[in-house]
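Predicted, not measured: the structure shown is a model, and the values here were computed from it. Whatever order the structure lists ligands and atoms in, that order sets their numbers, starting from 1.
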Amino acid sequence: MADHSRTRWSLALPVLIMLVVVVVYSVRLPQRELRPYTWTGFAMGTLVEITVYANRSAEGAVNKGFDRIGEIEQLVSTSISDSDIALLNSAPIGSYVQVHEDTAYLISSALEFARETRGSFDPTVGRLVDLWGIGTERASVPSGEAIRYALSGVGYQNLVLDEDKRQVMRNTDFRVDLGAIAKGYACDEVVGILQNAGIDAGIVDLGGNICVFGTKPTGQQWRVGIQDPAAPRGSYVGVISISSGAVATSGDYERYFERDSVIYHHILDPSTGYPASPGVRSVSVIAPTGIQADALSTGLFVLGVDELFEFVDRSEEIEVVVITSDNRVIVSSGIAEAFQVVKEGYTYEIR
Ligand code: AMP
Ligand code: MG
């Protein structure tokens, strides 16, 4: 008998210890889990939202991210009088201007995207952007003559970069505008800062330029909504699931004004000087980096459906969701499986 009870006790003790360990562990588990923390701010003329999954306050790293966005804005904003871009735009034509490393990188990348899209994306459209003033209080339909003048200097071939010396020159009378690429670059930079700070996973949203990194603690993919152009913000036609990379959307509903029942929006066709009217309402680009997604969403919008899908077919890195003016949602085949329809009223196609 005595032997039996000793056996029982010698078994019961480890079981009890294990039980205590399991209970303590499971009680502590929720605190150990990575939770999402979100910070919001306003920079580069847009809402910035940074969400990180962290088991401690990641505020320091997130603040560094916001500071970095501020730095980039200081360099490239056309409305900051001593930014690199403002100084370039006011320097005499034909003379080189010294620029910072970030500016040189952005210009070098912008020229590459301009070449790739055969000038549909063109960083030299600044004078046209100023003339139309879309998104500002002085937005108006310019005279044909004013458009012809603003258009006359446009052409990315006339923007010259000496990469080694980090010097830039305008060869003709245009103004540089990096509004279609800078936010995507800033998005990548913030992701780099967060990753270097040891943060496991997060999502950075700079006015619709969305970059994701790492794996969510739940193991689920990131879900990015594709805005319905005809509905209030936050109403989606579909949702894309991705594990890494970036999504950016260029749409005619983002910044526009209406005159005499005509909508004038902020994506300009560098070959005409007028808002692009390719039969497309929005182009979302899914790409490895934010800078690609941002620049190409603008450039592909201008190209229109057929030409932009030729581009996508040639590219190994780019997928798209295109919403047309006749209510079609066209999803490139490489992303079709990751696209979930959430709204009726559109016809959905895979191409
Ligand atoms: P996004 O919202 O990224 O499509 O960028 C649109 C902004 O880029 C506009 O507000 C202009 O500042 C500038 N932009 C407009 N049209 C073009 C274009 N065809 N190529 C490059 N930048 C453009
Ligand atoms: Mg863009």
Side-chain angles (χ1 to χ4, degrees), residues 44-47 72-73 76-79 83 85-86 89 106-107 109-136 138-139 142 147 150-151 153-159 174-188 205-211 227 229 233 246-257 264-278 280-287 289-304 307-308 311 318 320 322-323:
M44 298 182 101
T46 193
L47 189 69
I72 295 167
E73 183 172 16
V76 303
S77 168
T78 51
S79 52
S83 77
I85 297 303
N89 285 342
L106 269 166
I107 289 181
S109 307
L111 289 173
E112 214 172 293
F113 291 120
R115 282 189 289 270
E116 279 182 22
T117 61
R118 282 186 247 118
S120 292
F121 170 91
D122 191 323
T124 68
V125 293
R127 205 181 280 285
L128 287 163
V129 174
D130 295 344
L131 183 64
W132 282 94
I134 292 164
T136 72
R138 51 178 182 77
I147 289 177
L151 194 56
V154 171
Y156 65 91
Q157 300 88 342
N158 297 314
L159 174 59
F174 60 79
R175 288 188 205 143
V176 171
D177 180 309
L178 298 178
I181 183 172
K183 289 199 269 292
Y185 173 61
C187 202
D188 292 331
D205 181 348
L206 258 109
N209 290 274
I210 294 167
C211 299
Q227 174 67 36
R233 210 159 279 268
V247 182
T249 300
S250 289
D252 67 1
Y253 54 86
E254 287 180 322
R255 259 179 287 153
Y256 65 90
F257 69 97
Y264 298 92
H265 62 83
H266 71 307
I267 303 163
L268 304 175
D269 185 339
S271 68
T272 65
Y274 284 82
S277 52
V280 162
R281 295 220 58 196
S282 77
V283 175
S284 300
V285 170
I286 300 96
T289 63
I291 194 170
Q292 288 170 301
D294 191 5
L296 291 176
S297 65
T298 311
L300 297 191
F301 183 103
V302 176
L303 283 180
E307 262 197 81
L308 88 81
F311 184 98
I318 305 300
V320 290
V322 179
I323 305 178

task: Would you mind listing every side chain to side chain donor-acceptor pair (under 3.5 Å) that reaches into residues 247-256, with sequence neighbours excluded?
output: T249-S284, S250-S297, S250-T298, D252-R281
query: Any side-chain heavy-atom pair from Q292 and V285 closer than 4.5 angstrom?
result: no
Where does ligand 1 get N/O contacts under 3.5 Å from the protein, atom by atom?
{"from": "ligand 1", "atom 1": "2 (O)", "to": "H266", "atom 2": "NE2", "distance (Å)": "3.3"}
{"from": "ligand 1", "atom 1": "3 (O)", "to": "D294", "atom 2": "OD1", "distance (Å)": "3.0"}
{"from": "ligand 1", "atom 1": "3 (O)", "to": "T298", "atom 2": "OG1", "distance (Å)": "3.0"}
{"from": "ligand 1", "atom 1": "4 (O)", "to": "S250", "atom 2": "OG", "distance (Å)": "2.6"}
{"from": "ligand 1", "atom 1": "4 (O)", "to": "T298", "atom 2": "OG1", "distance (Å)": "2.7"}
{"from": "ligand 1", "atom 1": "8 (O)", "to": "A180", "atom 2": "N", "distance (Å)": "3.4"}
{"from": "ligand 1", "atom 1": "10 (O)", "to": "R255", "atom 2": "NH1", "distance (Å)": "3.4"}
{"from": "ligand 1", "atom 1": "12 (O)", "to": "D177", "atom 2": "OD1", "distance (Å)": "3.1"}
{"from": "ligand 1", "atom 1": "12 (O)", "to": "D177", "atom 2": "OD2", "distance (Å)": "3.1"}
{"from": "ligand 1", "atom 1": "16 (N)", "to": "L268", "atom 2": "N", "distance (Å)": "3.0"}
{"from": "ligand 1", "atom 1": "19 (N)", "to": "S120", "atom 2": "O", "distance (Å)": "2.9"}
{"from": "ligand 1", "atom 1": "19 (N)", "to": "L268", "atom 2": "O", "distance (Å)": "2.8"}
{"from": "ligand 1", "atom 1": "20 (N)", "to": "D122", "atom 2": "N", "distance (Å)": "3.0"}
{"from": "ligand 1", "atom 1": "20 (N)", "to": "D122", "atom 2": "O", "distance (Å)": "3.4"}

field: S83 side-chain N/O to S77 backbone N/O, donor-acceptor pair under 3.5 Å
entry: yes
- request: Test P270 against every option in L151, V302, T124 by the side chain to side chain contact (heavy atoms under 4.5 Å, CB included) rule and name the one that passes.
  value: V302
- prompt: Can you list the protein N, O or S atoms less than 2.8 Å from the Mg ion (ligand 2)?
  reply: A180 O, D294 O, D294 OD1, T298 OG1
query: Can you find a heavy atom in the side chain of V76 that is under 4.5 Å from one in the side chain of Y185?
result: no
task: Any chance you could lay out the side chain to side chain contact (heavy atoms under 4.5 Å, CB included) test for F257 and I134, step after step, and finish with the verdict?
output: CA-CA 7 Å; F257 69 97; I134 292 164; 3.6 Å; yes
message: I want to check something: taking the side chain as every heavy atom from C-beta on, are D205 and L47 in contact at a cut-off of under 4.5 Å?
response: no
message: Are I85 and L178 packed together at the side-chain level, in the sense that at least one heavy-atom pair is separated by less than 4.5 angstrom?
response: yes
- prompt: With sequence neighbours excluded, what pairs up with D294 under the side-chain hydrogen bond (donor to acceptor under 3.5 Å, both in side chains) test?
  reply: none
